[in-house]
Undergrad: 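Below you'll find the structure I mean.
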Amino acid sequence: MKYKALTAIAVALSLPMAAFADADDDTLVVNDEITMVTKAAAPAHVADVLDEVMSGWHFRSDETQALQKDDFENPAMVFVDQAIEAWETVDGSEGKSCASCHDDVETSMKGVRAVYPKWNEQAGELRTMAMQINDCRENQMGAKKWKYTGGDMAAMEALISVQSRGMPVNVAIDGPVQAIWEKGKEMYYTRTGQLELSCANCHEDSYGMMIRADHLSQGQINGFPTYRLKNAKLNTVHARFKGCVRDTRAETYKPGSDDFIALELYVASRGNGLSVEGPSVRN
Amino acid sequence: MASGVKPRVKVPKKAAAGEAVTIKTLISHKMESGQRKDKEGNVIPRSIINRFTCEFNGAMVIDVTMEPAISTNPYVEFEATVPEAGDFKFTWYDDDGSVYDESKSIKIA
């Protein structure tokens, strides 16, 4: 891999270079029950640039990693509990809760997180989980939409994600979504902002290195929504994308915009084969 | 009662007599310190869990006075020696007078 070659050069020439923070080889088993696939052969559509796809879990310290191994230690589970209540709570003009249609979340939502974003034939659009949740709220429940990256939304995404933990991410990239996927791919490789950085510059070319004080991962989103220790709350994919684009000193796209939906599909597809980890714990 | 308060406890199901077991507790609570101000500049009143206790078969195991600097969702982990089978009783006391409790039984293996 490219960064390993760079390490060798750095040692040979004794040049002061950026610190390295390679992925480790630990195994993630949650609650002594669910063994996660955190390293997998790269799916065919990224095999030309990566040998292996890796969960961001491998790039964190042992202490942070441990938080995700046990649901009692995982601070995100507080929010999952809140979402369990929300699941049962009637809201809106139709007098329905999530449970009115979907019954038990543990069975009805199993496997959902693994295949989203997903093409919705009826609506003729690609839908993220957040879009689907809001569609349910608006059109089935007659309730107010949740903010796309808000706390209620993140918690509900976490609850749905929990039901798919350990299952391999497997988003479809062909058929009706192919054009959107191509757009997402182009965004991934397009440099933006005053710093002229693309997603790939950091997360494909430089993962395993440090970006100032932080470790660069591959930017996989199999662990979202993610509890971040830096802000002590659940973070959604689009909020994270926004943060990244902002850090390139660019005008960001809006969470929930077509641009970020396309990017989410592409980035999710790069993690096909990794286990759904959400809600994960990161720095 | 403050909203969204939920106690959680993790106690092993069984232990050897005289064994020290690790007990983990967490209560979701906003732990408002009383030091912060809202947008209008008014002080947000203090609302914290001010005391946490754990009893085993009626005997006090740990009695903690908690102060405003403790973060949201306070997590307390401690060890307790288990002389016999019985029940752990956990109690949290809220500033507003609410009391939350939870109990777990443990067997001797």
Side-chain angles (χ1 to χ4, degrees), chain A residues 29-34 61-91 97-99 105 146-147 150-159 162 225-235 279-283, chain B residues 1-15 20-33 35-36 38-39 44 47-49 52 54 61-62 64 66 68-80 88-90 92 94 98 100-106 109:
Chain A
V29 182
V30 175
N31 299 336
D32 296 325
E33 277 173 12
I34 316 166
S61 68
D62 288 346
E63 294 83 356
T64 308
Q65 288 182 336
L67 289 173
Q68 210 186 310
K69 285 182 172 171
D70 183 328
D71 281 354
F72 197 89
E73 310 269 339
N74 186 338
M77 289 301 158
V78 171
F79 301 94
V80 171
D81 280 344
Q82 288 169 5
I84 290 174
E85 266 174 47
W87 182 266
E88 308 277 351
T89 306
V90 172
D91 196 5
S97 69
C98 305
V105 66
W146 276 333
K147 188 182 171 219
D152 292 326
M153 181 63 85
M156 187 54 74
E157 286 180 349
L159 172 64
V162 165
T226 287
Y227 182 90
R228 295 190 71 189
L229 300 170
K230 70 174 267 184
N231 59 14
K233 68 181 180 93
L234 278 176
N235 295 264
S280 60
V281 184
R282 303 285 188 263
N283 290 32
Chain B
M1 180 174 148
S3 63
V5 179
K6 190 183 167 198
R8 283 151 239 260
V9 176
K10 192 172 184 182
V11 177
K13 288 198 177 62
K14 51 190 176 179
V21 297
T22 301
I23 293 172
K24 296 171 178 178
T25 73
L26 184 150
I27 186 162
S28 48
H29 193 281
K30 59 182 189 289
M31 296 294 278
E32 187 61 58
S33 69
Q35 305 281 342
R36 301 198 304 160
D38 63 15
K39 278 181 193 140
I44 304 170
S47 168
I48 68 167
I49 301 276
F52 165 70
C54 171
V61 176
I62 187 170
V64 184
M66 295 169 69
I70 294 171
S71 309
T72 183
N73 304 337
Y75 172 95
V76 179
E77 179 180 326
F78 55 93
E79 287 189 347
F88 280 104
K89 182 164 182 270
F90 305 89
W92 291 261
D94 197 313
S98 309
Y100 317 102
D101 51 32
E102 177 87 2
S103 58
K104 291 274 177 196
S105 47
I106 188 163

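Lettering of chains follows the sequences in order, A, B, ..., and the numbering in each one begins at 1.
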Undergrad: Mind checking side chain to side chain contact (heavy atoms under 4.5 Å, CB included) for A:N235 and listing every partner two or more places apart, or none if nothing turns up?
TA: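 A:N235 satisfies side chain to side chain contact (heavy atoms under 4.5 Å, CB included) with A:R228, A:N231, A:K233 once adjacent residues are dropped.
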Undergrad: Is it true that, when you exclude A:K147 itself, more than 12 heavy atoms of the residues, nucleotides or ligands shown sit nearer than 6.0 Å to its NZ?
TA: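 Not more than 12 within 6.0 Å, no.
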Undergrad: Show me the donor-acceptor pairs, under 3.5 Å and distance only, between side chains in residues 82-90 of chain A and residues at least two apart or in other chains.
TA:
unit_1: A:W87; atom_1: NE1; unit_2: A:D103; atom_2: O; d: 2.9
unit_1: A:T89; atom_1: OG1; unit_2: A:E85; atom_2: O; d: 2.5

Undergrad: Can you tell which part of B:K6 gets under 4.5 Å to a heavy atom of chain A, answering side chain, backbone, both or neither?
TA: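 Just its side chain gets close to chain A.
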Undergrad: B:Y75 and A:E73: which non-hydrogen atoms are nearest, and at how many Å?
TA: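 Distance-wise, the nearest heavy atoms are OH-OE2, 3.2 Å.
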Undergrad: Which region of A:D70, side chain (C-beta onward) or backbone (N, CA, C, O), has a non-hydrogen atom less than 4.5 Å from a non-hydrogen atom of chain B, or is it both or neither?
TA: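 Interface part for A:D70: side chain.
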